[in-house]
Trainee: 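Quick one: structure below, then a few questions.
A quick note: this is a predicted structure, and the numbers were derived from the prediction, not measured.
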Amino acid sequence: MTTTEVPPDAPAEFRDALEQAALAGFRSELRVFETAAPQGLAPFQKAWAADVEPTSTTDDNEYGTGRLVFLCDPGRPESWSSVYRMVVFAQAPIDQDMGADQFLPDVAWSWLIDALNTRGAEYVRSAGTTTTVLSTGFGDLASEGAGAQVEVRASWSPTSSALSPHLEAWSEFVCMLAGFPPTPEGVSPLSPGRFQV
């Protein structure tokens with residue numbers, strides 16, 4: 001993972017958090033890289049993107065992707081209850097039957113919370129949505145057949161600059177959503193889905 005230069009006017013809270021973020025270890029199935037952060041969300045921000053790329057496979061199937069945006073505002077916005085905020089997005093293809101399961105949103109959300117808690121990430125003000133997208137190809141896209149995707153958008157406020165558990169939890173969650181077994185015991189993965197005719 002590459003690291004860009006920290007702005008010279010960055011406050012200690014932002015510098016400390018990025019030093020802690022650099023200590024994070026990611027799952028081997030995940031390729032993580034720094035990306036441009038959306039502008040205007042906070043005075044200081046950093047963003048990462050990730051693609052699930054299993055090392056044990058040679059196929060070209062898509063497994064899942066994720067983005068994480070770290071925000072820092074020393075003014076401590078009331079809606080954050082912290083100087084920090086994490087904003088994440090993750091998506092993965094799933095079996096169409098799984099996409100129709102009414103319990104999938106609850107399960108996907110529980111995976112994120114479990115990943116945060118298992119890593120010992122300290123946070124408040126968690127919020128998010130889970131969306132299931134069912135699709136069927138027609139015309140020139142008919143060969144893609146029918147498929148489904150699950151998407152999770154979430155945010156929470158770290159209560160300290162110790163960011164590495166938060167990044168590691170995000171890494172774990174993106175891989176779990178893509179159907180890979182969790183690192184800790186006790187959480188059931190979902191089978192990787194593919195577009196089907």
Trainee: Grab the two heavy atoms, one from Arg125 and one from Arg85, that are nearest each other, plus how far apart they are.
Mentor: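 Here Arg125 and Arg85 meet closest at O-NH1, 2.8 Å.
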
Trainee: Apply side-chain contact (heavy atoms from CB on, under 4.5 Å) to Val88 and Val152, showing your working.
Mentor: CA-CA 8 Å; Val88 304; Val152 177; 5.7 Å; no

Trainee: Can you measure from CD (Gln102) to OG1 (Thr132) and round to the nearest 0.5 angstrom?
Mentor: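 With rounding to 0.5 Å, CD (Gln102) is 11.5 Å from OG1 (Thr132).
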
Trainee: Taking atom OG of Ser157 and atom CZ of Arg76, what is their separation to the nearest 0.5 Å?
Mentor: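 It is 9.0 Å, given to the nearest 0.5 Å.
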
Trainee: Membership question, hydrophobic clusters at under 4.5 Å side-chain separation (ILVMFWY): are Met86 and Trp109 in the same one?
Mentor: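 The answer is yes; both residues are in one hydrophobic cluster.
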
Trainee: Can you list every pair that meets side chain to side chain donor-acceptor pair (under 3.5 Å) and has a residue in residues 158-169, with sequence neighbours left out?
Mentor: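 Sorted result for residues 158-169: Trp156-His166.
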
Trainee: Could you go step by step and tell me if Leu30 and Val52 meet the side-chain contact (heavy atoms from CB on, under 4.5 Å) rule?
Mentor: CA-CA 5 Å; Leu30 206 64; Val52 179; 3.7 Å; yes

Trainee: Which atom names give the shortest non-hydrogen contact between Ala36 and Ala47, and what distance separates them?
Mentor: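 Where Ala36 meets Ala47 most closely, the heavy atoms are O-CB, 3.9 Å.
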
Trainee: Restricting to non-hydrogen atoms, name the atom on Leu112 and the atom on Ala154 that form the minimum distance, rounded to 0.1 Å.
Mentor: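 Scanning both residues, the minimum pair turns out to be CD2-CB, 3.5 Å.
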
Trainee: Please enumerate all residues that pass side-chain hydrogen bond (donor to acceptor under 3.5 Å, both in side chains) together with Arg31, with sequence neighbours excluded.
Mentor: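 So Arg31 forms a side-chain hydrogen bond (donor to acceptor under 3.5 Å, both in side chains) with Asp51, Glu53.
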
Trainee: For Phe44 and Ala10, which heavy atoms make the closest approach, and how far apart are they?
Mentor: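 Looking at all heavy atoms of both residues, the closest pair is CE2-CA, 3.6 Å.
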
Trainee: So, taking the atom named SG in Cys72 and the one named NZ in Lys46, what distance separates them when rounded to the nearest 0.5 Å?
Mentor: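 Result: 12.0 Å between the selected atoms.
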
Trainee: Do you know the tightest heavy-atom contact between Phe173 and Ala108?
Mentor: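 Looking at all heavy atoms of both residues, the closest pair is CE1-O, 3.3 Å.
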
Trainee: Group every Ile, Leu, Val, Met, Phe, Trp and Tyr by side-chain heavy-atom contacts under 4.5 Å, then state whether Tyr123 and Phe89 land in the same group.
Mentor: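 Different clusters: Tyr123 never reaches Phe89 through Ile, Leu, Val, Met, Phe, Trp or Tyr contacts under 4.5 Å.
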
Trainee: At what distance, to the nearest 0.5 angstrom, does CH2 of Trp170 lie from CZ of Arg67?
Mentor: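 Result: 9.0 Å between the selected atoms.
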
Trainee: For Gly120, is there any backbone N or O sitting under 3.5 Å from a side-chain donor or acceptor partner on Glu122?
Mentor: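 No, the answer is negative, given that no donor and acceptor are paired below the 3.5 Å cut-off.
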
Trainee: Could you grab the distance from atom CG of Asp73 to atom CD of Glu13, nearest 0.5 Å is fine?
Mentor: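 Taking CG in Asp73 and CD in Glu13, the distance rounds to 9.5 Å.
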
Trainee: I'd like to check Phe180 versus Arg27 (side-chain heavy atoms, cut-off strictly below 4.5 Å). Are they in contact?
Mentor: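 Touching, per the 4.5 Å side-chain cut-off.
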
Trainee: Is Val69 isolated, or which residues cluster with it under the ILVMFWY side-chain rule of less than 4.5 Å, directly or via members?
Mentor: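 Taking Ile, Leu, Val, Met, Phe, Trp and Tyr as members, Val69 shares its hydrophobic cluster with Leu41, Leu71, Trp80, Val87.
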
Trainee: List the steps, then state whether side-chain contact (heavy atoms from CB on, under 4.5 Å) holds for Leu68 with Val174.
Mentor: CA-CA 10 Å; Leu68 184 151; Val174 173; over 6 Å; no

Trainee: Got Phe70 and Leu18 here, is their nearest side-chain heavy-atom distance under 4.5 Å?
Mentor: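 In contact.
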
Trainee: Using every non-hydrogen atom in the two residues, find where Ala92 and Ala178 come nearest and quote the distance to one decimal.
Mentor: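 The answer is CB-CA, 3.7 Å.
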
